[in-house]
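The next block holds one structure in the form of structure tokens; read it before the comments.
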Amino acid sequence: MSLLSLLACSLLALPALVAGSPLPPPLSYFRRNPITRREINDATVRRELGPLLSNGTLMYGPEQTAFDTMTERWNRFVEPDVRVVVVPFVESDVAKIVRYCNENSIDFLVKNRGHGFTTSLNSFSGLQINMERLAGITISEDKTTVLLQGGVYAGPVIEALWDEGYITTTGSAACVGVLGPSLGGGHGRHEGLYGLVSDTILHFNVVLADGTAVGVNATSNEDLFWALQGAGHNFAIVTSIVKTIYPRQSPTWYTHSFVFSQDKLETIFELLNEFHTSDNGTLPPLMGATYSSFAMNPSFSETEAVISVGFDYNGPAEEALAMIQPFTEIESLQESGRDVTFPEISGVAAGSCGGADYILSSAMLLEYNITTERLLYNHFNEKVAANPELGATAFLLHEGYATAGIKAIDPASTAYGHREENFIMLFETIVPEGSDLAEPATQWAKESVDIWNAGQPDRLPSTYVNYATGNEWETVESVYGHEEWRLQRLVDLKAKYDPLNRFRYYVPIEASP
Ligand SMILES: Cc1cc2nc3c(=O)[nH]c(=O)nc-3n(C[C@H](O)[C@H](O)[C@H](O)COP(=O)(O)OP(=O)(O)OC[C@H]3O[C@@H](n4cnc5c(N)ncnc54)[C@H](O)[C@@H]3O)c2cc1C
Ligand SMILES: *[C@@H]1O[C@H](CO)[C@@H](O)[C@H](O)[C@H]1NC(C)=O
Ligand SMILES: *[C@@H]1O[C@H](CO)[C@@H](O)[C@H](O)[C@H]1NC(C)=O
Ligand SMILES: *[C@@H]1O[C@H](CO)[C@@H](O)[C@H](O)[C@H]1NC(C)=O
Ligand SMILES: *[C@@H]1O[C@H](CO)[C@@H](O)[C@H](O)[C@H]1NC(C)=O
């Protein structure tokens, strides 16, 4: 596996999930308020709800072995209190489940691919709706759109389209759902051309908080259409979408990666700043992304992190190599490149989706502050020396997507509040099982974000909703946008579409019911 794909998939290439469900609390747990008609437990839910739903719907209680698989998550620090799992088989089941929950004061939460890593999910207790059987992918006859059901994930969508010579905007990693990322915008390698994952959604079929099923698009429930494109986790359950597809640009992508020693840091980040403004102020749209990281690699040094830089180009090697020539002129420790298909670069074949005790933090930037990057790099080495167990898995990732497609869209036209940003930063480390290193890991995570934000003293901090971690330093404004009107509009739409705040677990706009 090349370093670049390691980088792009570094979040994935980890050990398989190990289930670990705590013992369930007493059965009266579902009774959130005194008007609940009577005691409800998971067996009751299954007995009563089962007959209302389509043949093919599955239900699991904690005593069943499959329950552990149904509730496992990428980040094991995220442990919503799931009392019963329902797996709808047809889209119309979803509305019935929500209505049943409402009638019985049961809270509900959608899980699709389980990569959502915000600890805000830990405030949940109730019935989990697993979307995996709603996995339909249907390309329209005229090959302009695809109908995706709410439980699809990137890998099968990328493959199904690629086989026909098409692509659509998805997140970068094959394991991750399509709706999860898109409800918060969704960043990926095609955004330089076509914008966010949400920017190419033409129509949503959703179930609202009160259990009604409605269609949402630019002419029907258009205010909700606005909200679903960037703040959608707070508003509805999506059972299917219609999304634009595009003929692929090239039969292959070209991926090239370097490993540099730390003395090249200033040169590299200055070049990255230039590269990311080289085409009318952005990265050339066909250069899907640059991924740059600081991480330990003992084959180069036991004490100094190396700097890895990768480029993913939507076209032939010669074109890409001409563009990245300034980087090839810097002396590197290692360098490699190859042609790949789009499914390959997305990690479709990677198999395992990983799972561990992750501590993360993130920031968004307009440009790289060279002084700051040096400070961060030194800070990283110091932290590795002080916390070698965390240092072994820690990295600071700098994601630089091509942004022309995002910036071509009026920022007021969707709820996504960060169209001006150019870079997404991520700190990640794994806390070894059974260790007490969560606290120093969180401290490291916070300090990294603080250093990044201090590098843009004239700007307010921003957090990409899908990289939000649930830590108190992430304000609602930093996540959903600093414009007052934008937040007010979201609050007003919550009052209209979800007055009881049923959707409040994934990075809530408003925390309490
Ligand atoms: C390894 C890894 C790689 C990532 N890569 C990218 C990337 O390239 N680009 C990017 O933008 N983000 C990326 N992310 C972040 C990603 O967008 C979020 O983690 C996202 O929430 C994952 O969706 P999911 O279906 O996998 O997870 P889940 O945890 O199942 O879903 C997360 C939340 O989305 C909501 N949700 C999901 N499906 C539906 C639905 N059908 N209807 C209503 N609500 C729904 C629910 O609120 C749920 O809590 C990555 C995360 C990880 C861990
Ligand atoms: C469920 O499916 C089985 C097998 O197809 C069928 O015999 C049964 O009648 C179905 N039940 C309902 C309620 O549709
Ligand atoms: C918009 O949604 C409505 C309601 O579902 C539907 O009737 C209409 O066909 C949709 N329009 C488009 C352009 O998808
Ligand atoms: C350059 O970018 C601006 C917006 O930043 C846009 O209005 C303009 O059309 C772009 N020009 C070209 C040639 O793409
Ligand atoms: C760069 O970051 C440093 C602190 O890390 C800060 O003092 C300086 O003002 C920043 N430069 C710019 C141009 O914002």
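For the numbers below, each heavy atom of this structure counts, side chains included, while hydrogens, waters and symmetry mates do not.
Closest heavy-atom contact between W452 and A363: CB-CB, 4.2 Å. Shown here for N422 and T403, the closest heavy-atom pair between the two residues is OD1-OG1, 3.5 Å. In this structure, A154 and T170 approach most closely via the heavy-atom pair CB-CB, 4.3 Å. Residues V431 and A441 approach most closely at CG2-CB, 4.0 Å, considering heavy atoms. Looking at every heavy atom in both residues, P432 comes nearest to L437 through CD-CD1, 4.0 Å. A468 approaches S362 most closely through the heavy-atom pair N-OG, 4.4 Å.
No side-chain donor from either of Q488 and E484 sits under 3.5 Å from a side-chain acceptor of the other. Between the side chains of N369 and T372, at least one donor N or O sits under 3.5 Å from an acceptor N or O. Y505 and N234 form no side-chain donor-acceptor contact under 3.5 Å, judged by distance and modelled atom types alone. Side chains of S448 and S361: no donor on one and acceptor on the other come within 3.5 Å. K446 and N471 share no donor-acceptor pair across their side chains, judged by distance under 3.5 Å alone. Judged purely by distance below 3.5 Å, without hydrogens or angles, the side chains of S478 and S462 never pair a donor atom with an acceptor atom.
Sorted by first and then second residue, the salt bridge (Lys or Arg N to Asp or Glu O under 4.0 Å) pairs involving residues 270-289 (not counting sequence neighbours) form an empty list. The stretch residues 411-420 participates, sequence neighbours left out, in these salt bridge (Lys or Arg N to Asp or Glu O under 4.0 Å) pairs: D199-R419, E420-R459. Within the structure, the salt bridge (Lys or Arg N to Asp or Glu O under 4.0 Å) test picks out the following pairs touching residues 359-376 (sequence neighbours left out): E266-R374. Sorted by first then second residue, the salt bridge (Lys or Arg N to Asp or Glu O under 4.0 Å) pairs that include residues 148-166, not counting sequence neighbours, are K143-E164.
Only one option out of Y464, Y506, W74 pairs with F117 in a ring-ring contact (aromatic ring centres under 6.0 Å, His included); it is W74. Between Y467 and the choices M364, E399, H187, M425, the side-chain contact (heavy atoms from CB on, under 4.5 Å) rule is met once, by E399.
Rounded to the nearest 0.5 angstrom, L121 CG and Q128 CD are separated by 9.5 Å. We find the NZ-OG distance between K243 and S182 to be 7.5 Å, quoted to the nearest 0.5 Å. Taken from CD1 in I359 to OG1 in T393, the straight-line distance is 10.5 Å, to the nearest 0.5 Å. Separation of atoms CZ (F275) and CG (L283) is listed at 5.0 Å; rounding is to 0.5 Å. Atom CG of L487 sits about 7.5 Å away from atom CD1 of I509, to the nearest 0.5 Å. Taking CZ from R486 and CG from L490, the interatomic distance works out to 8.0 Å, rounded to the nearest 0.5 Å.
Separation of the Y254 and Y313 ring centroids does not fall under the 6.0 Å cut-off. When ring centroids are compared, F235 and F503 stay outside the 6.0 Å threshold. Taking the six-membered ring wherever Trp is involved, the centroid distance between the rings of H398 and Y291 does not fall below 6.0 Å.
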Go through the steps for D312 and T255 under the test side chain to side chain donor-acceptor pair (under 3.5 Å), then give the verdict.
CA-CA 5 Å; D312 287 355; T255 178; 3.1 Å; yes
Before you tell me yes or no, could you show the steps for H256 and F258 under ring-ring contact (aromatic ring centres under 6.0 Å, His included), namely the whole-Å CA-CA distance, both residues' side-chain angles and the distance that decides it to 0.1 Å?
CA-CA 7 Å; H256 196 97; F258 301 91; 4.8 Å; yes
Side chain to side chain contact (heavy atoms under 4.5 Å, CB included) between N314 and L193, intermediate numbers included:
CA-CA 10 Å; N314 187 352; L193 295 168; 3.8 Å; yes
Worked verdict on Y246 versus Y166 for ring-ring contact (aromatic ring centres under 6.0 Å, His included):
CA-CA 5 Å; Y246 305 89; Y166 287 84; 9.1 Å; no
Begin from the C-alpha positions of E79 and R73 and carry the test salt bridge (Lys or Arg N to Asp or Glu O under 4.0 Å) through to its verdict.
CA-CA 8 Å; E79 294 179 287; R73 303 195 59 90; over 6 Å; no
Residue pair E344, T341: steps toward the side chain to side chain donor-acceptor pair (under 3.5 Å) verdict
CA-CA 5 Å; E344 280 175 296; T341 65; 3.3 Å; yes
Output, in order, the C-alpha distance, side-chain angles, deciding distance and verdict of side chain to side chain donor-acceptor pair (under 3.5 Å) for E474 and T469.
CA-CA 8 Å; E474 293 160 354; T469 58; 2.8 Å; yes
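For the salt bridge (charged side-chain N to carboxylate O under 4.0 Å, His left out) test, no residue two or more places apart in sequence or in another chain qualifies with R489. Qualifying side-chain hydrogen bond (donor to acceptor under 3.5 Å, both in side chains) partners for T118, counting only residues two or more places apart in sequence or in other chains: S120. Listed by chain and number, the residues in a ring-ring contact (aromatic ring centres under 6.0 Å, His included) with Y377 are F294 (sequence neighbours excluded). Partners of T282 according to the side-chain hydrogen bond (donor to acceptor under 3.5 Å, both in side chains) rule, which considers only residues two or more places apart in sequence or in another chain, do not exist here. A search for ring-ring contact (aromatic ring centres under 6.0 Å, His included) contacts involving F427 returns W444, not counting sequence neighbours. With sequence neighbours excluded, no residue satisfies ring-ring contact (aromatic ring centres under 6.0 Å, His included) with Y153. Residues satisfying the ring-ring contact (aromatic ring centres under 6.0 Å, His included) criterion with W253, sequence neighbours excluded, are H190, F342.
Salt-bridge formation is not detected for the pair R113/E132: no Lys NZ or Arg NE/NH1/NH2 atom is positioned less than 4.0 Å from an Asp or Glu carboxylate oxygen.
Using a 4.5 Å cut-off on side-chain heavy atoms (C-beta onward), V479 and V465 make contact.
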Show me the donor-acceptor pairs within less than 3.5 Å that the side chains of residues 321-329 make with the rest of the protein, sequence neighbours left out.
{"residue": "Q325", "atom": "NE2", "partner": "E329", "partner atom": "OE2", "Å": "2.7"}
{"residue": "T328", "atom": "OG1", "partner": "Q325", "partner atom": "O", "Å": "2.6"}

